[in-house]
Amino acid sequence: MDKQTDYGTPASRNTEQQVTLDIDGHSITVAKGTSIMHAAMQAGISIPKLCATDSLEPFGSCRLCLVEIDGRRGYPASCTTPVDEGLKVHTQTPKLADIRRGVMELYISDHPLDCLTCSANGDCELQDMAGAVGLREVRYGYEGSNHLSAEKDNSNPYFQFDASKCIVCSRCVRACEETQGTFALTIQGRGFDSKVAAGNFDNFLDSECVSCGACVAACPTATLMEKTVIESGQPEHSVITTCAYCGVGCSFRAEMKGEQVVRMVPDKNGGANHGHSCVKGRFAWGYATHRDRITKPMIRKSIHDAWQEVSWEEAISYAASELQRIQSKHGRNAIGAITSSRCTNEETYLVQKLVRAAFGNNNVDTCARVCHSPTGYGLKQTLGESAGTQTFDSVMQSDVIMVIGANPTDGHPVFGSQMKRRLRQGAKLIIADPRAIDLVSGPHVQADYHLKLKPGTNVALITAMAHVVVTEGLVDEAFVKARCEWDSFQYWSEFVAQPENSPEAMEAAIGVPASDLRAAARLFATGGNAAIYYGLGVTEHSQGSTMVMGIANLAMATGNIGREGVGVNPLRGQNNVQGSCDMGSFPHEFPAIATFPTMPPAPCWKMPGADRWITSQACASPICWTLRLMVASRRCIAKVKTLPSPTPTPSM
Amino acid sequence: MITIYVPRDSSALSLGANQVAAAIQQEADQRQISIKLVRNGSRGMFWLEPMVEVLTVQGRVAYGPVQPEDVASLFDAGFTEGGQHALSLGLTDELPWLKRQERLTFARVGITDPVCLDDYLAHEGYRGLRNTLVQSPEAIVAQVTDSGLRGRGGAAFPTGIKWKTVMVAQAEQKYIVCNADEGDSGTYSDRMIMEGDPFVLIEGMTIAGIAVGATQGYIYVRSEYPHSIAALNLAIKEAYAAGYLGRSILGSTHDFYLEVRRAAGAYVCGEETALLESLEGKRGLVRFKPPLPAISGLFGKPTVINNVISLATVPIIMDKGSEYYRDYGMGRSRGTLPIQLAGNLKHAGLVEKAFGVTLRELLYDYGGGSASGRPIKAVQVGGPLGAYLPESQFDTPLDYEAFSKLWAVLGHGGIVAFDDTVDMAHMARYALEFCAVESCGKCTPCRIGSTRGVEVMDKVMAGTDHVQNIALLRDLSDTMLNGSLCALGGMTPYPVLSALNHFPQDFGLSEAGVNKKERAA
Ligand SMILES: Cc1cc2nc3c(=O)[nH]c(=O)nc-3n(C[C@H](O)[C@H](O)[C@H](O)COP(=O)(O)O)c2cc1C
Ligand code: SF4
Ligand code: SF4
Ligand code: SF4
Ligand code: SF4
Ligand code: FES
Ligand code: FES
C-alpha cells in the first residue's frame, strides 16, 4: 500500500522568493521560509523525525531531526530551522548518528516491547525510526520509571487511546488545535510525568472531543488507533473516493483489506479537505458494506407484490419496456427522472440525457431544487453565473467573515475547521443567525457581532446593512463603476437608502439593535477582504432568491467579488450540487446551464455534440419541476420516476 | 528628628526586621524620642541582618545583627546619636565589605527608601531617562552597545545588539519584558534590586521602551517574591502619578505602560520563551528558536526580554555614559557583576565587583572562607546548571570567556560553596534530579533523559555495572548536551560532567578516572 509522502512541515506560504542551499551535496532551490526538513524531503532526502508531520506546524520536541550546518554552532533541528541562502547542511554524520541513537534509546526505555502484537505494527513511525537510527540495545534497562502500565481509554466508539505507547510528541494535541480547532486535548503534568489528557475530563468520550479523528491520523504510534485496525490489522491497498455525507465533499483514501474497508483516511491531496475530515467521513462508513444495502437488482409489478431478485439484464429490459409502455399509453410527458447531488457529474449527465434523448421530454430535476435553486437563480440574476464565487481555500485570505443562516462547524465540519483556523489567525467574524451556533463563542473563536435576527427577516437585515453602506459612503465606487452596471446600481442604492430601510427603522422587525447592525455593516465594508458564507438558513426561505440577490448586491457594492478572500459562498447541502446542476439536471437548463429553451446551436451552447441527442421534442417540452413532477405522478400524469439516490419527498 | 534605617529586604525580614522595626518605634515612643523610620534595602551583608543604621553627623552608623531584645539596650547606649554598643559596626561606609566594592547597579540599594520617588530623585535617579529623552533611538542603543553590557540572566548576550534587533523590527506593537523569575539556587541580586531600588528597574525598562519603540512593559516576578511584587507595585504607582510612566512621559512624545505579573512558579519559566508562553497565559513550554523573541516574542510581537540586572544597569550607563561603565571590567566582560555568595561561607551576601576579581578573592576575602571552617572543596558558579569548579581553578578571574575556557559559566553570578564533606557524586545526582523535577517535558533528551540520569547515578553510586554505567552517564550527558531544546536539559551535563571529571574519586574512580573496583578485580 503506497503511503503519502510526509514532508515533515507544511509548505512555505512564501511563493515569491526562492532560496538555494546545499543538503548532503545536493543543490536544492526552494521557497523562502521552507524548513530544512521539508527542503530535504523535496530532494528525496528523508531526515529522521517523530514530532513533525506536514499537516502541523513544527514543534521541535523529539530532537531526532537534528542536522549539522557549516558555520553554525550545535545541532539545529531541521524541522524548525528555515532554509537560508547558501547553507551547507549535513543530515548524516557520525555525531548526528550518536545523538539520534541516544534519543531513540531514551524513547524505547519507556515503551512496551510488543511490536509484534502491536496494532501499529507495519505502520509505526517509532518502529521506523528505531530502524533508521540503528538502535540495537537499551542500556537503561526496564526497571526504571515508566508508563508501561498506563491504562487504555476505550471510551470513544471509534478509536482507542493506549497511553502506555505514548511518546508525548504532542501531535494529537496539536492536531486537535490546529487541524480541527476543538482544543479537546492537552498535555498534563511536566517533565517525565507529561501525558496526554482529554482536557480536564476522565476520558475521551466525556471530553469536548467531537471524534473527528485528526489526532488519530496524526499519532505516529499505536497510542491513538482506529478500533477497526485493532480488529482487522493493517490494510493492504487503498482506493480514492469522496465522502457522500455533506457539502464539503472530502476526498478519502479508503484503506482496504480485500473488499473490506479497514479505515478511511482523508486524502492529503483533497482540494476541499487537505487531509482532514469529520467523524462522519472518517468513522461512519459502516453502510459501505452493510448487509442491509441493496446490491442486487429487484423488480415488482405492483406496490402490493413482494420484491423479486433478478439479473441485471432482466431488470433493465423490464424497466425499459415499462417506460415505453407507460409512455405509449399516457403520453410522452408521463415519465421523468430526479437526479441526486451526491452523484458524480457523469451519472447526473447520463440521467438527464436519458430523459431528454430517450424520454424526449424535460421531466428531469434534482434534489438541489430544494437547497440550491435560490442560489442558482439569485446569483445568475446578479452575477451572471449561478455558482458560488470561491473555493474553500479562499477563506484563508479573508479578513472579515460573515456567516448567514449556516452552521459550518456542524453542517460542514471540515470547512468549519478551516474557517476557525482563519479566525484564530485574526479574521473578524459576523454571524447573522437566530441561534447561538458554536462559532459565536468557542475555543479561541469569538464572533465580533452576533446579529440574532428574527426568523424570516433575512432580506430586511441585508437591506439594512446595504442602507448603512450606501448612506455612510462606504460603497466601493471605483469597483462598481468598473465592474457593475451603474444604472442598476443607482436604482438599487436609491432603494436601500430610503429611510424605511435604515437599521433604526427596521430594528423592531429584525430584532437586532441598530447600533450592532450598523457596526457590523461598517466592519464588513471597511475591514479588508470580506466574504459571505450562507447556508440553507438563507435559501430555504420563501424569500430565498431575493436574499441571495441581496447578498450578491452587498458584496458587489463593497467591492468584495472577484479575488481570493472575498465572494459569495453558498454552503451546499451535498458535495456535488454545483456539478449536478451544471450537468443539466434542472428541467429549465440544459447541460452547462444553457437556458431553456435556447436551441442548439445557439451561442451559449457549450456542450459540443449535444445537438446530436437533444431531441426537438425535448426542446419543445414544457419544464416540470420536482414538485410538479411528484404531484403529477400522483395524478398519474408522470407515471415513472427514476431516482438515482436522494429522498426528495421528505425534504419537500 | 532622628532617621533610623531598618531594611525591608526579605533576607532581613526573615531574620526579624519587622519585629526589630516595631520594637524601635515602640521604644522611641516610650522614651518620647521622635524618630523617622526608613525601611531601606539591604546592604547585602546577610550575616549582619537585620542591620540597623542611624543617620548621624558623621554619617550612617551601623548596628547588627539586631534582635528585638537588643533594642532597649541600643537606646540605653545612645545609638540614636551613634553611641557604642556590643552590636556596633561603625560607619557603614567604612565597612571593608562595602568599601572594596564597585557598586554601580547597586549604587542606591540600602541607602534610599526604595519606594520613595523623591529619595530616588535625590540620589541621581531618573537622570538616565532625562538624557534618553533628548536622544534618538539609534543613539540610545549605541550607548548601551558601547557600554559593553551583556545580559546578566545567564547567556551574556550583548544587550545593545538585542535592543537593536527590536528597534529595527517593524511592528505596530513591541514589548519590554523583564525576566524577574530568578530561579537559580543561591541567587538573589534581582530580588535585592526589586526590593531595594525598584525605580532603577522601572527607569531601565522605560529607557528600553523608548529606545526600541515599545509602549508596554511587563515584569515577570517569581511567585515566591511577594515583597518584590509589593515594592514594585508601590514604585510603579508613584512613577505613574509623577508622570514617569504612562502617557507622554515627562511631557515627551513617548508613552510607556508597565505592569507586574506574578510568575507561574516553575524554574523553566525563567527560560525566556517559556516565560513568554506563561505571560500569554499558556503552559510554560519552551519555544523553539528562531524566530528570536526580538523578532517574534510576546503575542508574536518584537520583544526585548532582559534580566532585572541587565535592565537596572541601563540607567547608570545613560546617566554617566558608556565609557564610564565600560572602563570597569576585563576582556570582553565589561562593567560590574553583582555576585551572590552563598552556601558554606562565613559571610554570604551581595558583592558588586568589576569583572576580573578571582573566585579566591570572593570566597576568602569577602566570603571569609567556609562557615564550617573546613577547606572549600568545590564551588558551583552560575546556578544549578553551572559547572563545579575545584580548588585548583579558584584563581580564575570572573570573566565570561575565562570561564567558558574551563567549560564553566558565570550565569547570573551566583556562587555556592561546598566544603570537603560534600559527595560530588551526590551533587551530580542532585543536578539530574533537579532537571527531572523542573523539566518542562517538551523535548525527549530532557524529559526522559533526566529521569534516566537519576537512575543511572543511583546505579553508579551503588557500584552496579560501574564501568558500563559511567559510560552510559557520559553518553546520556552527550545526548542531553547536544540534543536538548533549551539550556535546562542542555546544561545539566555541566554540573554532572564537571563533578565527574574533577572529582572522579567521588564516583568510585581513581584520580586517573579508572575504576578502582575493576582494577582490583
Ligand atoms: C532553564 C532556564 C532558566 C532561566 N531562568 C532565568 C531567570 O530566572 N532569570 C533570568 O533573567 N534569566 C533566566 N534564564 C535566561 C533567559 O532565558 C534569558 O537568556 C534571559 O532572560 C535574557 O536576558 P539577559 O539578556 O538580560 O540576560 C533562564 C534560562 C534557562 C534555560
Ligand atoms: S478526535 Fe478530533 S476532536 Fe477528538 S480529540 Fe481527536 S482531534 Fe480532538
Ligand atoms: S497520543 Fe500519539 S500523537 Fe499524541 S502524544 Fe502520544 S504518541 Fe504523540
Ligand atoms: S466534512 Fe462533510 S464531506 Fe467531509 S468527512 Fe465530514 S461529512 Fe464527509
Ligand atoms: S531541555 Fe527540558 S526544559 Fe528545556 S525544552 Fe527540553 S524538556 Fe523543556
Ligand atoms: S522532528 Fe524535528 S524535533 Fe521532532
Ligand atoms: S509498534 Fe507499537 S507503538 Fe510502535
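These figures come from a predicted structure and were not determined experimentally. Note: hydrogens, waters and symmetry copies are ignored here, and every other heavy atom, side chains too, is used. Each chain gets a letter, A, B and so on, in the order the sequences are listed, and its residues count up from 1.
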*Check the pair B:D478 / A:K95 against salt bridge (charged side-chain N to carboxylate O under 4.0 Å, His left out), numbers first and verdict last.*
CA-CA 10 Å; B:D478 196 62; A:K95 188 72 203 169; 2.7 Å; yes
*asked:* Given the ring of A:F59, does B:K442 sit roughly above its face, with NZ or CZ under 6.0 Å from the centre of the six-membered ring and within 45° of the axis?
replied: yes
_Under 4.5 Å from any heavy atom of chain B - which part of A:I99_ = both
*Measure A:S194 against the heavy atoms of chain B and call it side chain, backbone, both or neither at under 4.5 Å.*
side chain
*What do you reckon, is CZ of B:R332 surrounded by more than 12 foreign heavy atoms closer than 6.0 Å?*
no
*When rounded to the nearest 0.5 angstrom, what distance separates OG1 in B:T479 from CZ in A:R63?*
12.5 Å
*Which answer fits A:I187, side chain, backbone, both or neither, if we ask what part of it has an atom under 4.5 Å from a heavy atom of chain B?*
both
*If you round to the nearest 0.5 Å, how far is CD1 of B:I448 from OG of A:S109?*
5.5 Å
*Tabulate, in ascending numerical order, the residues of residues 74-81 of chain A having at least one heavy atom closer than 4.5 Å to a heavy atom of chain B, or enter 'none'.*
A:Y75, A:T80
*ring pair (Phe, Tyr, Trp, His ring centres under 6.0 Å) partners of residues 476-500 of chain B, not counting sequence neighbours, each pair once*: B:W407-B:Y494
*Give a yes-or-no answer on whether the side chains of B:S439 and A:R190 include a donor-acceptor pair shorter than 3.5 Å.*
no
*Is any NZ, NE, NH1 or NH2 atom of the basic residue among B:D475 and A:R101 found under 4.0 Å from an Asp or Glu carboxylate oxygen of the other?*
no
*To the nearest 0.5 Å, what is the distance between CZ (B:R447) and CG (A:D193)?*
10.5 Å
*Measure distances from B:L481 to the heavy atoms of chain A and classify the residue's part below 4.5 Å as side chain, backbone, both or neither.*
neither
*Is B:T444 reaching over with its side chain to a backbone N or O of A:C62, donor-acceptor style, under 3.5 angstrom?*
yes
